[in-house]
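Shown next, in structure tokens, is the structure this report addresses.
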Amino acid sequence: MAEQMSGAEMVIRALKDQNVEYIFGYPGGAVLPIYDVLFQQEDIKHILVRHEQGATHMAEGYARSSGKVGVVLVTSGPGATNAVTGLTDALLDSIPLVCISGQVPTPLIGTDAFQECDTVGITRNCTKHNYLVKKIEDLPRILHEAFYIASSGRPGPVVVDIPKDVQFAIGEYMKPANLSDHQSYKPHLDGDLGAIEESVNLMLKAKKPIFYTGGGIINSGPEASKNLRELAKLTGFPVTSTLMGLGAFPASNSQWLGMLGMHGTYEANMAMHECDLMICLGARFDDRITGRLDRFSPNSTKIHVDIDPSSIGKTVHIDLPIIGDCNRVISEMIRIWREKTDKSRISEIADWFKQIEKWREVKSLRFENSDKIIKPQYAIQRLAEATKDKDTYITTEVGQHQMWAAQYFPFEKPNHFMTSGGLGTMGYGLPAAIGVQIAHPDALVIDIAGEASVQMTCQEFSTAVQFRLPVKIFILNNEYMGMVRQWQQLLHGSRYSQSYSESLPDFVQLAQAMGGKGIRCENPNELDDAIKEMLAYDGPVLFDCRVSREENCLPMIPSGKAHNEMILPETKNIENVIDEKGRTLV
Amino acid sequence: MNAHLQPSGSAYFITKPTAKPERHTLSVLVDNEPGILARIAGLFSARGFNIDSLTVSETEHEKGLSRITVVTVARPKILAQIKLQLERLVPVHKVHDLTEEGEPLERELALVKVAGTGENRVEALRIADAFRAQVVDASTSSFVFEITGKPNKIEQFINLMMPLGLVEVVRTGLVAISRGAAPM
Ligand SMILES: Cc1cc2nc3c(=O)[nH]c(=O)nc-3n(C[C@H](O)[C@H](O)[C@H](O)COP(=O)(O)OP(=O)(O)OC[C@H]3O[C@@H](n4cnc5c(N)ncnc54)[C@H](O)[C@@H]3O)c2cc1C
Ligand SMILES: Cc1ncc(C[n+]2csc(CCOP(=O)(O)OP(=O)(O)O)c2C)c(N)n1
Ligand SMILES: [Mg+2]
């Protein structure tokens with residue numbers, strides 16, 4: 001016979017049955033029954049945050065770095081609305097989350113009751129799916145379904161809104177069932193074999209091929225990264241990746257071109273522009289990638305592998321669509337390639353690599369170092385050097401520092417780089433680092449931050465102190481919202497409207513006030529020692545790294561331009577590069 | 001291969017559309033659950049898709065399924081996105097483009113209130129008869145007609161009633177079904 005229990009007990013039981021170890025949450029009236037059950041058990045550990053947005057980003061960091069579902073628990077009304085930013089972030093970056101929210105009792109719904117808000121209404125368009133549980137009989141099924149939907153297919157956030165009377169109601173609990181025969185929700189995992197064979201035929205003919213990989217490889221699991229490396233080795237083709245896919249292919253590999261897109265390398269963007277065959281694996285032709293669509297890779301045949309049919313052909317015309325899971329499709333590509341040949345195409349595409357080498361010689365990531373002030377690029381290089389023998393996970397906030405992290409920190413492994421790509425949420429990195437540290441207690445976790453972004457969620461530093469999580473917050477403090485300042489320089493005659501970070505807190509004292517360690521460094525000659533000190537400290541650190549204030553993040557494809565029209569480090573008068581039309585865009 | 005795209009000069013690229021917008025009737029089979037209509041309508045408004053007409057009603061009670069008929073006007077590329085985005089919604093079972101699959105049967109119902117006396121009243125009745133509209137309510141000075149048919153037939157009827165004392169119209173919006181034996 002099925003077990004009888006309260007709705008609140010079902011929530012905790014379902015979490016256990018879904019192998020959840022940690023939840024990130026904040027209590028309130030509408031979730032008290034759940035918190036009461038939480039109090040009386042020890043399997044599920046609760047991380048008490050300082051703001052619900054922090055909980056959502058922690059869950060994202062936890063999920064992205066571990067491949068598991070991140071779980072959030074918030075109260076009704078303000079608890080739920082505070083979670084909206086993180087839910088939207090997870091939707092845009094395809095991160096599996098389950099967010100359980102309390103709701104006012106069912107008879108009060110619609111009466112503007114205390115702390116009532118229309119949570120399912122508000123989150124409908126920022127979740128993959130959401131539920132309002134009106135009857136206890138539906139609760140167990142919905143809880144398990146939420147995990148299945150969040151983690152399968154193209155992952156995403158799912159909200160389960162549970163009214164307080166349903167939490168008190170007694171009903172029958174049901175264990176997780178096999179949901180792969182769900183009536184209406186059926187992710188498409190296996191690619192069409194004919195199309196995959198066709199893709200291999202195209203690869204065997206290509207003279208100027210390129211793998212354009214993205215977050216879908218990470219979503220597909222570590223096997224997908226392994227198989228991508230195998231496929232790259234088999235074929236000998238060059239590989240580039242989006243911001244979201246960094247680490248899927250090792251930066252130390254000679255076939256690696258660096259990140260592509262707006263702040264990608266010259267070689268990656270030029271190769272995308274000039275290729276004759278583009279093999280897109282789990283990337284979505286985002287506007288930061290394509291630049292001017294009418295001049296995007298004009299002479300290539302395009303293959304697109306994606307689990308979400310709506311990603312294919314959304315902005316760019318695709319010649320050969322393959323709907324399926326990256327790992328499965330790549331495995332098939334490898335199998336079919338091997339059936340056809342045991343040779344790579346290295347010698348056939350030698351001219352292509354010669355051309356790529358010429359583009360590499362442009363050294364688009366070159367910067368002028370200084371022995372007086374710390375250059376932000378240099379700071380990241382030194383950080384990478386100091387951590388290269390450790391299992392290091394990097395998160396970022398949003399801005400120039402984020403792009404510098406992507407450009408100058410060499411990622412070798414998947415799931416080691418957590419950043420807010422699609423929504424671009426300042427304040428993501430610090431809580432995300434906490435989530436990563438919880439998933440990987442012994443690893444080194446560093447948030448590469450900006451002084452403006454970090455102030456959006458820095459109260460979570462106190463969460464890190466409370467749970468003894470030794471996250472390192474490495475702030476590239478340029479006293480500017482640097483990315484905004486750069487755009488103002490490019491587009492608005494260097495009128496730096498509201499982009500100067502006034503009245504900054506003393507980050508060293510801030511860290512100390514919250515019970516952590518603060519370090520400041522202003523001199524490039526002292527940087528290595530300061531980084532060493534940070535790494536040696538067995539607790540959370542806020543590192544105030546004072547860097548040059550008006551450094552620009554280059555290279556850059558400016559608004560309204562194509563891949564072959566980048567601003568390079570030596571470009572003069574960058575104020576005049578963007579024309580009138582480009583100014584109206586972002 | 002992007003020759004079909006027009007230049008605009010943008011990182012947020014705004015494609016200058018070349019293809020012509022087309023009117024399509026979509027039939028969407030969904031779970032009849034609370035909020036489903038908001039989900040569908042919300043998808044259209046959030047992504048800037050057009051809705052010309054939308055009707056919804058439970059059609060298979062035992063299975064808890066409803067059928068939503070949406071008429072939309074969109075260029076082919078957007079139309080493809082509309083269908084794919086609808087299919088992404090968890091409670092959506094199937095999306096059929098009835099227009100693409102062949103001439104579907106399309107019907108609408110309207111209730112048309114006409115007030116008048118004398119010659120106008122006689123003329124209204126005569127036209128109603130020609131259109132096979134039913135009189136569902138009558139007073140000495142008014143009629144309510146019920147008319148079903150293709151939207152343009154209803155349009156025509158309403159236009160003819162205009163000078164005869166048309167007071168009010170309500171329309172159901174379009175419902176549609178494919179021809180032949182096969183279900184959706
Ligand atoms: C300030 C700023 C600047 C930026 N500049 C750049 C830049 O220069 N370069 C850059 O690359 N990005 C940049 N971005 C990030 C950019 O906005 C996008 O977030 C990013 O490019 C999208 O990455 P993606 O295409 O890999 O897609 P993701 O958002 O990671 O989407 C993954 C795709 O893979 C599919 N997928 C998911 N799971 C699977 C699976 N199992 N199998 C197959 N397919 C799957 C999904 O359906 C989706 O289409 C920037 C962001 C910010 C905030
Ligand atoms: C929540 C939020 N608000 C506003 C923005 C717009 N924005 C993008 S980058 C940026 C400046 C970031 O400044 P900082 O954190 O100091 O990073 P820097 O660019 O200086 O490295 C702003 C305001 C954003 N991305 N997110
Ligand atoms: Mg800054």
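Just the heavy atoms: all of them, side chains too, but no hydrogens, waters or symmetry mates, feed the values below. None of the values given here were measured: they were computed from a predicted structure. Below, read A as the first sequence line, B as the second, and so on, with proteins coming before strands; counting in each chain starts at 1.
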Take atom [atom1] of [X] as the centre, draw a 6.0 Å sphere, and report whether it contains more than 12 heavy atoms from other residues, nucleotides or ligands.
X: B:R23; atom1: CZ; answer: no
X: A:K135; atom1: NZ; answer: no
X: A:I109; atom1: CD1; answer: yes
X: B:E103; atom1: CD; answer: no

Contact leader toward chain B among A:R154, A:H129, A:K134, A:Q183, where contacts are heavy-atom pairs under 4.5 Å: A:H129
When only pairs under 4.5 Å are counted, which of A:L132, A:N125, A:V120, A:I312 shares the most heavy-atom pairs with chain B? A:N125
Between A:N130 and chain B, with a heavy-atom cut-off of 4.5 Å, which part of the residue counts as in contact: side chain, backbone, both or neither? both
To the nearest 0.5 angstrom, please state how far the CG atom of B:L65 sits from the OG atom of A:S184. 9.0 Å
What are the two closest heavy atoms between A:P309 and B:L84, and how far apart are they? O-CD1, 3.5 Å
Looking only at heavy atoms, the pair that brings A:R124 and B:A38 closest together is NH1-CB, 3.0 Å
Which bit of B:R88 comes within less than 4.5 Å of chain A, counting heavy atoms only: side chain, backbone, both or neither? side chain
Heavy-atom distances under 4.5 Å only: say whether B:E33 touches chain A with side chain, backbone, both or neither. side chain
For residues A:K314 and B:Q85, determine if any side-chain heavy atom of one lies less than 4.5 Å from a side-chain heavy atom of the other. yes
For the residue pair A:H317 and B:K77, establish whether any side-chain heavy-atom pair is separated by less than 4.5 Å. no
Heavy-atom pairs under 4.5 Å with chain A - which of B:P34, B:A46, B:G42 has more of them than the others? B:G42
Extract all donor-acceptor atom pairs below 3.5 Å that involve side chains of residues 91-98 of chain B and protein atoms in other chains or at least two apart in sequence.
{"residue": "B:H93", "atom": "NE2", "partner": "B:D31", "partner atom": "OD1", "Å": "2.7"}
{"residue": "B:K94", "atom": "NZ", "partner": "B:M184", "partner atom": "O", "Å": "2.7"}
{"residue": "B:H96", "atom": "ND1", "partner": "B:E101", "partner atom": "OE1", "Å": "3.2"}
{"residue": "B:H96", "atom": "ND1", "partner": "B:E101", "partner atom": "OE2", "Å": "3.1"}
{"residue": "B:D97", "atom": "OD1", "partner": "B:H24", "partner atom": "ND1", "Å": "3.0"}
{"residue": "B:D97", "atom": "OD1", "partner": "B:T99", "partner atom": "N", "Å": "3.2"}
{"residue": "B:D97", "atom": "OD1", "partner": "B:E100", "partner atom": "N", "Å": "3.1"}
{"residue": "B:D97", "atom": "OD2", "partner": "B:H24", "partner atom": "ND1", "Å": "2.8"}
{"residue": "B:D97", "atom": "OD2", "partner": "B:K83", "partner atom": "NZ", "Å": "3.0"}

